Amino acid sequence: DIKVPEGVKAAAELLTHARNPVIFCGDGVALAGAVQALVEVAEAIGAPCYYEGLHHHINFPTHHPSCRDRLPADYSSIRAAMADADTILLVGGNFFEELWFDSGLPFSESAAVIHIEGAPEMLARNFSANLGLLGNIRAVLEQLRDGVAGSGGDAFRSAAASRNEALAKWKSNDLET
């Protein structure tokens with residue numbers, strides 16, 4: 001058995017108790033070869049995944065039901081779009097650097113923020129995080145996927161499945177227009 005680090009267990013616990021988790025991904029995902037691992041985490045928790053504003057790689061498959069592309073380019077519009085998000089997972093990026101600044105955060109102050117990075121200088125660079133995980137991004141995401149699977153009960157799996165169904169419906173409607 002591979003021992004799961006305590007930080008990953010804590011992140012899995014936060015994500016399995018989230019009512020409305022949201023993922024933001026940056027170029028560190030593709031550069032670490034972690035796209036599939038991120039897809040598996042998104043599916044496991046039933047979360048939409050947004051690209052950071054300025055990205056150069058495909059960090060999440062655009063055809064996937066969880067993919068939501070980009071958000072508006074100012075904090076207040078993002079904060080309005082993320083009003084219901086109670087847990088934010090930031091993975092491998094320079095999040096929200098290129099946006100028009102206004103006071104406050106680009107997400108709810110009450111949201112739990114988990115940040116996964118491969119380099120220490122990037123961890124919590126622009127925003128403080130409730131939980132920071134430093135390491136190989138793919139390996140951390142794979143451990144997180146396994147941690148979520150191990151710590152989430154039937155109620156969590158049912159809620160994640162419902163969120164995934166809603167994401168698929170939204171994506172289908174979005175592709176039709």
Side-chain angles (χ1 to χ4, degrees), residues 4-60 66-75 78-79 81-99 101 103-149 151-152 160 163:
V4 176
E6 291 301 315
V8 174
K9 288 180 185 176
E13 188 72 20
L14 283 170
L15 290 168
T16 57
H17 287 90
R19 291 179 335 278
N20 192 15
V22 175
I23 300 170
F24 292 95
C25 64
D27 283 336
V29 173
L31 293 172
V35 173
Q36 183 59 37
L38 183 59
V39 167
E40 292 168 1
V41 169
E43 290 172 348
I45 64 174
C49 187
Y50 294 88
Y51 288 110
E52 73 172 313
L54 297 175
H55 62 92
H56 302 289
H57 300 281
I58 301 298
N59 301 298
F60 199 89
S66 294
C67 186
R68 293 295 177 267
D69 199 31
R70 295 182 190 174
L71 286 164
D74 64 276
Y75 279 24
I78 292 173
R79 191 169 38 253
M82 296 293 111
D84 294 333
D86 60 345
T87 306
I88 308 287
L89 176 60
L90 305 173
V91 186
N94 298 319
F95 299 102
F96 312 114
E97 280 188 339
E98 70 286 348
L99 302 177
F101 178 79
S103 62
L105 299 170
F107 36 80
S108 170
E109 290 183 22
S110 64
V113 178
I114 303 164
H115 193 170
I116 300 172
E117 280 297 343
E121 66 273 9
M122 298 300 292
L123 195 59
R125 178 177 172 164
N126 296 323
F127 305 100
S128 61
N130 298 84
L131 181 61
L133 300 171
L134 180 63
N136 176 286
I137 292 173
R138 186 173 82 194
V140 172
L141 286 170
E142 289 169 347
Q143 291 174 339
L144 184 58
R145 173 203 61 211
D146 295 345
V148 164
S151 66
R163 289 190 295 265

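As the structure is a prediction and not an experimental result, all values here were calculated from the model.
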Inset, instruction - Look at the side chain of N20 and the backbone N and O of D84, then say whether any donor-acceptor pair between them is shorter than 3.5 Å. - result: yes
Inset, instruction - Quick one: pull up CG in D27 and OH in Y51 and give me the separation to the nearest 0.5 Å. - result: 10.0 Å
Legend entry - Contact summary for I137 and A34, nearest pair of heavy atoms: CG2-CB, 4.0 Å
Legend entry - Side chain to side chain, H17 and E13, heavy atoms closer than 4.5 Å: yes
Inset, instruction - Mind listing the closest non-hydrogen atom pair of A37 and L141 along with its distance? - result: CB-CB, 3.8 Å
Inset, instruction - Carefully, step by step, assess V148 and V41 under the rule side chain to side chain contact (heavy atoms under 4.5 Å, CB included). - result: CA-CA 8 Å; V148 164; V41 169; 5.7 Å; no
Inset, instruction - Look only at the side chain of S66 and the backbone of A47, and say whether a donor-acceptor pair between them is shorter than 3.5 Å. - result: yes
Legend entry - Nearest heavy atoms of G147 and A12, plus distance in Å: C-CB, 3.6 Å
Legend entry - Gap between atom CD1 of I23 and atom CG of L38 - 0.5 Å precision: 5.0 Å
Legend entry - Shortest non-hydrogen contact from I114 toward A11: CD1-O, 3.9 Å
Legend entry - Check: E117 side chain, V91 main-chain N or O, donor-acceptor pair, under 3.5 Å: no
Legend entry - Nearest heavy-atom neighbours spanning C49 and F60: SG-CD1, 3.6 Å
Inset, instruction - Check the pair C25 / Y50 against side chain to side chain contact (heavy atoms under 4.5 Å, CB included), numbers first and verdict last. - result: CA-CA 6 Å; C25 64; Y50 294 88; over 6 Å; no
Legend entry - Considering all heavy atoms, the nearest P48-R68 contact: CB-CG, 3.7 Å
Inset, instruction - List for me each residue that meets salt bridge (Lys or Arg N to Asp or Glu O under 4.0 Å) alongside E142, sequence neighbours excluded, and say none if there are none. - result: R138
Legend entry - Approximate separation, where rounding is to 0.5 Å, of N136 CG and Q143 CD: 9.0 Å
Inset, instruction - Please examine the side chains of L89 and L144, heavy atoms only from C-beta on, and report whether any two atoms are closer than 4.5 Å. - result: yes
Legend entry - I45 vs T87 side-chain heavy atoms within contact, under 4.5 Å: no
Legend entry - Atom pair NZ/CD of K9 and E6 - distance to nearest 0.5 Å: 4.5 Å
Indicate every side-chain donor-acceptor pair of residues 122-134 with a distance under 3.5 Å to a residue at least two apart or in another chain.
| residue | atom | partner | partner atom | Å |
| --- | --- | --- | --- | --- |
| R125 | NE | E97 | OE2 | 3.2 |
| R125 | NH2 | E97 | OE2 | 3.4 |
| N126 | ND2 | F95 | O | 2.9 |
| N130 | OD1 | V113 | N | 2.7 |

